[in-house]
Amino acid sequence: MGGDRAAQARAEIADLLARHGSSPRRSLGQNFLADPNITERIVRTAGVGPGDRVVEIGAGTGTLTAALADAGAHVVAFELDERLRPVLEEVLAGRDDVEVRFADAAKVDLGGVLEGGSWKLVANLPYNVGTGIVLDVLRHVPQVDEMVVMVQREVADRLLAGPGSKDYGLPSVVVGLHGDARLEFTVPPQVFLPQPKVESAVVRIRRRPAPPRSEEAIALAAAAFGQRRKMLRRSLAGVLEDPEAALTAAGIDPTARPEDVPPEGWLALAAAAERAS
Ligand code: SAM
């Protein structure tokens, strides 16, 4: 039964694209979700209901956009590819609860565009800009208080990693400082048209109020992860006046490497650097 629905959805998307003379572009990360069971599961996971405001990045052929609107949400969806305009006009015809904006979501000031109150980000993110958008929204778009996003599995691993793991890096620090994140479920390549090479995963991040000095902590982590193999006392030499003293004051071993420092450690280091200045 689930397989029949998926086969039908796949045929419908192929037909829709063909009728509008369009074909998926790999360079834009166009792997369209072609299984209604997964689409519905994403909407359920996001807990989207009437009255919710949702921003979607990468409307594609409008599958998730329509499902979010069907759940009762007001949806603002960004799409970079103008060639999908007629496709989206057909799929979303007659819906006044959906606004599609043709723009590069990586360049749009989402914080300025989304009017006050709270929003959810729900999206099957384009792989090339996905991580950047998640981190940018966490850092600079406070009105998005929750996100449920599909990304490549390896991106999910990096967003969710804890200190000491090979996947732990700047993305994990930003997520750890701004929210509570969890892996909701994984998604096999077969449910997309065309099929990507790798597994995907749906991640949920709930925002927590940003701790003081989170931007300073992120700047320090960025400098250190930029030279990941080096000891912190060396990688932070150009950034802190006396890295050894600041690291010690923050309770961090100056010979440690950035992957050893948890998000709170970067905050403690930012506080120590501030006290020393
Ligand atoms: N939501 C659709 C779905 O689930 O089938 C499409 C998802 S597809 C993985 C990603 C979509 O993001 C594509 O339609 C692509 O054209 C669009 N896209 C790529 N880069 C973008 C950007 N910088 N801003 C907005 N949309 C972008």
query: Within a radius of less than 6.0 Å around CZ of Arg26, do more than 12 heavy atoms belonging to other residues, nucleotides or ligands occur?
result: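 Open.
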Crowding at CD, Glu241 (>12 non-hydrogen neighbours, <6.0 Å):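 12 or below, so no.
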Does any part of the side chain of [Y], heavy atoms only, come nearer than 4.5 Å to the side chain of [X], both counted from C-beta?
{"X": "Val137", "Y": "Trp119", "value": "no"}
{"X": "Leu247", "Y": "Leu269", "value": "yes"}
{"X": "Asp260", "Y": "Pro163", "value": "no"}
{"X": "Leu232", "Y": "Pro254", "value": "no"}

Do [X] and [Y] belong together in a cluster built from hydrophobic side chains that touch within less than 4.5 Å?
{"X": "Val55", "Y": "Leu138", "value": "yes"}
{"X": "Tyr127", "Y": "Leu64", "value": "no"}
{"X": "Ile218", "Y": "Leu267", "value": "yes"}
{"X": "Val203", "Y": "Val173", "value": "yes"}
{"X": "Leu92", "Y": "Phe102", "value": "yes"}

Give me the atom names and distance for the closest heavy-atom approach of [X] to [Y].
{"X": "Val148", "Y": "Ala46", "answer": "CG2-CA, 3.6 Å"}
{"X": "Thr255", "Y": "Arg233", "answer": "CG2-NH1, 3.5 Å"}
{"X": "Asn124", "Y": "Phe192", "answer": "ND2-CE2, 3.8 Å"}
{"X": "Leu33", "Y": "Ile13", "answer": "O-CD1, 3.4 Å"}
{"X": "Val191", "Y": "Arg10", "answer": "C-NH2, 3.8 Å"}
{"X": "Ala71", "Y": "Val48", "answer": "CB-O, 3.7 Å"}

task: Given side chain to side chain contact (heavy atoms under 4.5 Å, CB included), test Thr186 with Arg153 step by step and report yes or no.
output: CA-CA 7 Å; Thr186 56; Arg153 175 67 200 255; 3.3 Å; yes
Does [Y] offer a backbone N or O that forms a donor-acceptor pair with the side chain of [X] under 3.5 Å?
{"X": "Glu56", "Y": "Ala77", "answer": "no"}
{"X": "Lys120", "Y": "Asp52", "answer": "no"}
{"X": "Asn31", "Y": "Pro194", "answer": "yes"}
{"X": "Gln190", "Y": "Gln195", "answer": "no"}
{"X": "Tyr168", "Y": "Val261", "answer": "yes"}
{"X": "Thr39", "Y": "Asp35", "answer": "yes"}
{"X": "Arg204", "Y": "Thr45", "answer": "yes"}
{"X": "Glu79", "Y": "Ala59", "answer": "yes"}
{"X": "Arg206", "Y": "Arg182", "answer": "no"}
{"X": "Arg208", "Y": "Gly176", "answer": "yes"}

Starting at [atom1] of [X], measure out to [atom2] of [Y] and round the result to the nearest 0.5 Å.
{"X": "Gln30", "Y": "Leu193", "atom1": "CD", "atom2": "CG", "answer": "11.0 Å"}
{"X": "Arg158", "Y": "Thr131", "atom1": "CZ", "atom2": "OG1", "answer": "6.0 Å"}
{"X": "Glu259", "Y": "Asp167", "atom1": "CD", "atom2": "CG", "answer": "11.5 Å"}
{"X": "Leu84", "Y": "Leu17", "atom1": "CG", "atom2": "CG", "answer": "7.0 Å"}
{"X": "Gln227", "Y": "Leu236", "atom1": "CD", "atom2": "CG", "answer": "8.5 Å"}
{"X": "Leu135", "Y": "His140", "atom1": "CG", "atom2": "NE2", "answer": "9.5 Å"}

field: Lys107 and Asp136 ion-paired at < 4.0 Å
entry: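 The answer is no: the pair does not qualify as a salt bridge.
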Residues Arg95, Asp70; criterion salt bridge (charged side-chain N to carboxylate O under 4.0 Å, His left out); working and verdict: CA-CA 10 Å; Arg95 293 174 186 276; Asp70 285 345; 2.9 Å; yes
message: Run Arg19 and Glu90 through side chain to side chain contact (heavy atoms under 4.5 Å, CB included) and show every step you take.
response: CA-CA 11 Å; Arg19 277 192 290 106; Glu90 178 179 326; 2.9 Å; yes
message: Which label fits Trp266 and Phe225: parallel for a plane angle under 30°, tilted from 30 to 60°, or perpendicular past 60°?
response: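 Judged by the thresholds at 30° and 60°, the geometry between Trp266 and Phe225 is tilted.
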Residues Val122, Val43; criterion side chain to side chain contact (heavy atoms under 4.5 Å, CB included); working and verdict: CA-CA 8 Å; Val122 185; Val43 175; 5.7 Å; no
field: Worked check of side chain to side chain contact (heavy atoms under 4.5 Å, CB included) between His178 and Arg207
entry: CA-CA 6 Å; His178 284 281; Arg207 180 184 292 284; 4.1 Å; yes
